[in-house]
Amino acid sequence: MTTKIHTGTIDHSQTSDLLWDAIQALSEGIAVYDSDDKLVTFNQRYCDMFPLISDLIEPGARWQDLLRAGAERGQYREAIGRTEDWLAERLSRGVPIDSTLELELADGAFYETRFSGTKRGGFVVANTNITERKQAEVAAQEQAHILRMVMETSPVAVIMARKSDGRIVYRSKRAIQFYGEIEDARAIYRNPEDRDAYLAELSKTGALDDYRLTIRLADGALVPATCWGRMIEFEGETCVVSAVVDLSERQAQEEMIRHVLEACPAPIQMTKAETGDVLFSSPETIALFGTDRSARTFYAKTETRDRYLRKLKQDRAVRDFKAEYVKADGSTFWGAVSARLIRYNDDDVIVSHTRDLTDQLRIEAELAQQQNQLYQNEKMSAMGELLAGVAHELNNPLSVVVGHSLMLQEDCNDPEICRQVDKISHAAERCAKIVKTFLTMARQEPVRQASTNINEIVQTAVDVARYGDSGGAATITCELAQDLPLVAVDPDQMTQVFINLMLNAEQAIRDSGRGATIMVKTGPDTQGKGVEICVEDDGPGITLDIRNRIFEPFFTTKDVGQGTGIGLALCHRIVQTHDGAISVDERPGGGTRFRISLPQDKVTSGAAAQDAPEASDPTQVRVLLVDDEEDVAELNAEILTRSGYFVDMFNLADDAIESLQNNAYQIILSDLNMPGTDGRGFFDAITQDFPDMVGRTGFVTGDTMGRASQTFLAEAQRPYIEKPVSPKELRAFVSEILNASEQDSP
């Protein structure tokens, strides 16, 4: 037989394409490196396995460089946090030819990496994804660990022994504690017949529950026990797994439970449902309800227990059944009972726990009060925005009226004209005080805080209220505690609060004809970290239906024309801005009691500020005055001119800047809200072009409540005065700036 051999030319390009397609189709990641450890070729799977360095995987890349880039970019979990040490360890060993490594990436993937050498001195890297296998191994290890932990921590003694000869294959820690380090399970039985009987019962079904027997402990003692058994196959042998519970220990546990119940800080009891007879009471129950043997006496109203029992029979359990109960001393309290209905000795028995709600109700009342205070604060904030806008619109015309009336008083010699001017002045000042009050209510912080003894403020307020009490309707007395901590308050504002409260009380006593005394007391607050001031009277009191509204803005019970409804709202705002709290309640014996708490001053102020030195000679001072309100500007210019100052007045900031370039000034007074360049822009120009005048600049403004104005004044840190401004206040303000600038001069 002749065999024909066909010869021909091999198509190497076609073979190469087939080989490349085969490599690309592999599930493994393949990469080929030459003898210089440079990457020659790779499949897409290899590139996909390393997403953080995929942009660097290309022919010519060195294996060591790719390894370093992967470590630095967080590709390898082991390298995170120790990049250089990890690289040093890996690179010191070189390329691990003819070895297999397991590699864990930061994204949780696992690869089995095989390094195989080539005939030309290079190597091939083959990466196999073993993530699922590793996860399965970890899961199996965790399950085995959990099973072992369960068995080792189980309070039940577990033994697995061969059925044929009793040889122990496994025993838990509890079993070792029971029986010692025995090797033969037959040693735990009282006699061999007991084991034979146990195995005979177990063999019937392969499972046995709650089998009673007597076991022998390590010390030889025989104790009653119960056993749960299962028959299994293990390594080709039939084994018996037994879980044994020492019933003598259960008896000890039951005794311990009784001791725990008796020592439990919660009132726990067992009572017969129908009769109410007490079967068990913890010491806390006895302390709460006494030793009465019937639970019927625990209820303030007998029908309450009937309602409780109906609900309990219907649902077999109740949770937080609220009712009024009677304590052992006969006093009543509100409590909540949680209970279950069980069968015990053929009777329906109630197992219950009683919770005293006294503290909870007190806390809920305090929370309700705090929520009400928050509600009042929100309304005060809204009212503050309204009042700030109204005050701003009134400031400029009031400045003109107040200023000119006061100057007329200084100039006028005619008694009749002086009398008329005096009326104008008083009316204007009253309007100005109303505006100041509005601003105080709208302000978020006290105007001028100082570390103060609260007793001094209270004494001043009491003296003023006494002088104003011309009708003699009530006697004002005070009890001032000594050694109280200092508080950081605005004395004028807090004095206004106390005067307002006392005058309100005096008016209520006068109008109602009830009561005769007003008492002001000071003392430490309940936490000992601040002070508390009480203003109380024996007058008609405040009815509960309006007590929660008295701090509302514009709320008043007085007749039309008799009250504005802003007095107590103002008190509320002032106390709030001092981080304090004000509340009202009924005074024991009748009347009203206001409580004010103020925190202790955290930083006690040092020595009192030194008196300001006398101002410079006005005749040597030139003032630059800028205000877009012509009447206000002219008034302030006239006030300062009469005092001897030289005043250049402008209504536009740009004109004032031009004057600054051509003239020398000792002081600059500017408004804030102006058309064109406003106060902020004017101050920025001064800071940039005339820095020596920054310390000589002050602001006279009617808008200190706007957020932009507050932010600017805080950043500029320059003194300011609020409109309406009296001549005396303006002159003092100018002197203050001049004195401060002279002290800062080198």
Side-chain angles (χ1 to χ4, degrees), residues 331-332 358 361-373 376 454-455 457-466 468-469 471-482 484 487 494-528 530-552 555-558 562-563 565 567-576 578 580-598:
S331 62
T332 60
T358 303
L361 294 175
R362 176 181 54 78
I363 293 173
E364 289 176 353
E366 292 177 356
L367 288 175
Q369 183 178 3
Q370 292 175 3
Q371 290 174 348
N372 179 66
Q373 184 174 357
Q376 300 296 344
I454 196 64
N455 286 343
I457 297 177
V458 170
Q459 189 63 63
T460 300
V462 169
D463 292 341
V464 173
R466 283 172 178 168
D469 183 19
T475 301
I476 302 177
T477 59
C478 55
E479 294 180 2
L480 306 180
Q482 301 302 313
L484 293 176
V487 292
M494 292 311 302
T495 301
Q496 184 178 1
V497 170
F498 300 140
I499 291 175
N500 200 350
L501 295 177
M502 285 184 282
L503 293 183
N504 278 355
E506 190 275 335
Q507 185 175 357
I509 291 173
R510 179 190 296 116
D511 294 344
S512 66
R514 294 173 53 189
T517 60
I518 300 172
M519 173 68 74
V520 185
K521 300 178 181 179
T522 63
D525 64 6
T526 55
Q527 297 180 348
V531 299
E532 182 179 83
I533 307 95
C534 292
V535 180
E536 57 185 46
D537 63 75
D538 58 354
I542 302 174
T543 58
L544 185 61
D545 58 328
I546 66 172
R547 194 176 299 165
N548 291 334
R549 299 191 60 195
I550 60 173
F551 296 117
E552 292 184 12
F555 175 78
T556 180
T557 59
K558 299 176 182 179
Q562 297 297 316
L568 289 177
L570 173 61
C571 294
H572 182 276
R573 170 49 65 95
I574 291 175
V575 173
Q576 178 196 22
H578 286 81
I582 180 172
S583 62
V584 61
D585 57 19
E586 186 176 357
R587 177 177 175 270
T592 303
R593 175 171 53 199
F594 284 88
R595 296 180 184 270
I596 298 174
S597 60
L598 295 171

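All of these numbers come straight from a predicted model, not from anything done at the bench.
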Between G541 and T592, the two heavy atoms sitting closest are CA-OG1, 3.1 Å
Are any non-hydrogen side-chain atoms of Q459 and C478 less than 4.5 angstrom apart?
yes
Side-chain heavy atoms of V520 within contact of C534, under 4.5 Å:
no
Would you check if T477 and M519 make a side-chain contact, meaning some heavy-atom pair closer than 4.5 Å?
yes
So which atom in E586 and which in R593 form the shortest heavy-atom distance, rounded to 0.1 Å?
O-NH2, 4.0 Å
About how many Å separate CG of N455 and OG1 of T460, when rounded to the nearest 0.5 Å?
10.5 Å
Any side-chain donor near an acceptor of the partner, D538 and T517, under 3.5 Å:
yes
The reported gap from NE2 in H578 to OG in S597 (rounded to nearest 0.5 angstrom) is 13.0 Å
Nearest 0.5 Å, what's the CD1-CG distance between I457 and L598?
8.5 Å
Check whether any side-chain N or O of Q482 sits under 3.5 Å from a backbone N or O of L480 as a donor-acceptor pair, and report yes or no.
yes
Closest non-hydrogen atom pair between I509 and A474, with its separation
CD1-CB, 3.8 Å
Only one of N500, I596, V497 forms a side chain to side chain contact (heavy atoms under 4.5 Å, CB included) with I574, so which one is it?
V497
Which distance, rounded to the nearest 0.5 Å, do you find between the CG of D511 and the CD of E506?
8.5 Å
Heavy-atom distance under 4.5 Å between the side chains of F498 and L503, does that happen here?
no
Measure the spacing between CE of M502 and CD1 of I518 and express it to the nearest 0.5 Å.
8.0 Å
Criterion side chain to side chain contact (heavy atoms under 4.5 Å, CB included) against R595, the qualifying member of D585, V535, I582, I533
D585
How long is the gap from CG on D537 to CZ on F594, to the nearest 0.5 Å?
8.5 Å
Is E536 salt-bridged to K521, cutoff N-O under 4.0 Å?
yes
